[in-house]
Protein chains: 2
Amino acid sequence: MFSRACEYGIRACIHLAQISKEGGRSSLKAIAAAIDSPVAFTAKILQTLAREEIIVSVKGPNGGYEVEASRLDVITLDDIVDAIDGNSIYRGCGLGLKHCNAKKPCPLHFQFKKIRDELKEMLQSTSLNDVATGLHEGLAFLKR
Amino acid sequence: MFSRACEYGIRACIHLAQISKEGGRSSLKAIAAAIDSPVAFTAKILQTLAREEIIVSVKGPNGGYEVEASRLDVITLDDIVDAIDGNSIYRGCGLGLKHCNAKKPCPLHFQFKKIRDELKEMLQSTSLNDVATGLHEGLAFLKR
DNA sequence: TTTATATCGGATAAATATGTCCGACTTTAA
DNA sequence: TTAAAGTCGGACATATTTATCCGATATAAA
Ligand code: FES
Ligand code: FES
């Protein structure tokens, strides 16, 4: 579905959302530990997310990463996926034709479209705030 | 969604379904041309599909590959995906946790499950016969 | 001003997926 | 019986993704 980088990115953002909600901040190491991901690789992904202005990086002692509390409701999963994996989920064809194209569809175009639209809707309508809640209550997990 | 190999595999099977329906047979070269895929790589995939008894390989002159006409209704897209990509679409977690597990779900488990179940239903309920029809009528394409 | 703590970013390495090559084998038809 | 057409499968090559390393840079606190 998503690249590994994107999976780490989403998990990192969810973790950060939870921390940021309480006014906190999380360092690279802490994030990697929280989501059980390779530290250096996670750093790259966080840099990308910071460049795309989804998260904020703070250098120096007591530094780390955070999400602006006021934007927790605004940032959606789709923003994260788009920043890391681009729009290939939407533009790509399920059978690997150059681009998905309803004018010259692959034999599964309409079946794929239905599912993809649902995925799109889900990603676009789910904010970081939405998803950080269950986590805090111990109902969901970012590592196992 | 699927690996490239799986995309080629599905496209090859759809092409073969169309040919086999008319009692024909298609050679490796012809298949690769029909679905616009690299010949040698396609050979590997067809070998896998033949080993899994989804398609039949016929050696020698006038040989090639075919699908038993009587099984066109029985073989589903899910069979093909399973033969090439395995069950990772179903067993894997959307956020990359070891396995999808409702007892200790990731924060997006229920959202993912819904979409995945729909995909599963689609793949399991679509036979080669279903999908080869529109193709024959020029309503769908295997390359572009 | 110094020191410790962090991120930044470029180079590199390892792993996986994709793609190629070629000799061996099988089968049909001449 | 021989030649041609085709698949089989192992070894090899390339591309992409994932992961690591390390020096440079920024910043807060002592
Ligand atoms: S053309 Fe294949 S999914 Fe749209
Ligand atoms: S646990 Fe993540 S999708 Fe089920």
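Chain identifiers are assigned alphabetically (A, B, ...) following the order of the sequence lines, protein sequences preceding nucleic acid strands; residue numbering begins at 1 within each chain. Being a predicted model, the structure only gives us computed values, none of them experimental.
- Note on residues 68-102 of chain B: no pairs pass ring pair (Phe, Tyr, Trp, His ring centres under 6.0 Å), not counting sequence neighbours.
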* Structure fact -> With sugar-phosphate taken as primed atoms, P, OP1 and OP2 and all else as base, the protein-contact string of nucleotides 11-18 of chain C at under 4.0 Å (heavy atoms; B, S, -) is B------S
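- The side chain of B:R51 has D:dG9 as its nearest neighbour among D:dG9, C:dG9, C:dC8.
- Between the OH atom of A:Y65 and the P atom of D:dA26 there is a distance of 15 Å, given to the nearest Å.
- In this structure, the CD1 atom of A:I55 is 16 Å from the P atom of C:dA6, given to the nearest Å.
- Considering every non-hydrogen atom in both B:A83 and B:T48, the closest pair reads O-CG2, 3.9 Å.
- Scored by the salt bridge (charged side-chain N to carboxylate O under 4.0 Å, His left out) test, A:R25 finds A:E66 as partners (sequence neighbours excluded).
- One atom, CZ of A:R25, and another, P of C:dA6, lie 11 Å apart when rounded to the nearest Å.
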Pair up each side-chain donor or acceptor in residues 104-119 of chain B with any protein partner under 3.5 Å, not counting sequence neighbours, and list the distances.
residue, atom, partner, partner atom, Å
B:K113, NZ, B:D117, OD1, 3.4
B:K113, NZ, B:D117, OD2, 2.8
B:K114, NZ, A:E118, OE2, 2.8
B:R116, NH1, B:G92, O, 2.4
B:E118, OE2, A:K114, NZ, 2.8

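- Here D:dA19 presents its C1' atom at 13 Å from CG of A:L28, a figure rounded to the nearest Å.
- Residue pairs meeting the ring pair (Phe, Tyr, Trp, His ring centres under 6.0 Å) criterion with at least one member in residues 43-86 of chain A: none, sequence neighbours excluded.
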* **Heavy-atom protein contacts under 4.0 Å, nucleotides 23-30 of chain C, coded B base, S sugar-phosphate only, - none** => ---BBBS-
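- The number of heavy-atom neighbours closer than 6.0 Å to CD of B:Q124, taken from other residues, nucleotides and ligands shown, is above 12.
- Between A:R144 atom CZ and B:L97 atom CG the span is 4.5 Å, to the nearest 0.5 Å.
- When only modelled atom types and interatomic distance are considered, B:T42 and B:S37 share a side-chain donor-acceptor pair under 3.5 Å.
- Nearest to the side-chain atoms of B:P38 among the listed nucleotides D:dC8, C:dT7, C:dG19 stands C:dG19.
- Here the P atom of nucleotide C:dG9 and the CG atom of A:L49 are 14 Å apart, to the nearest Å.
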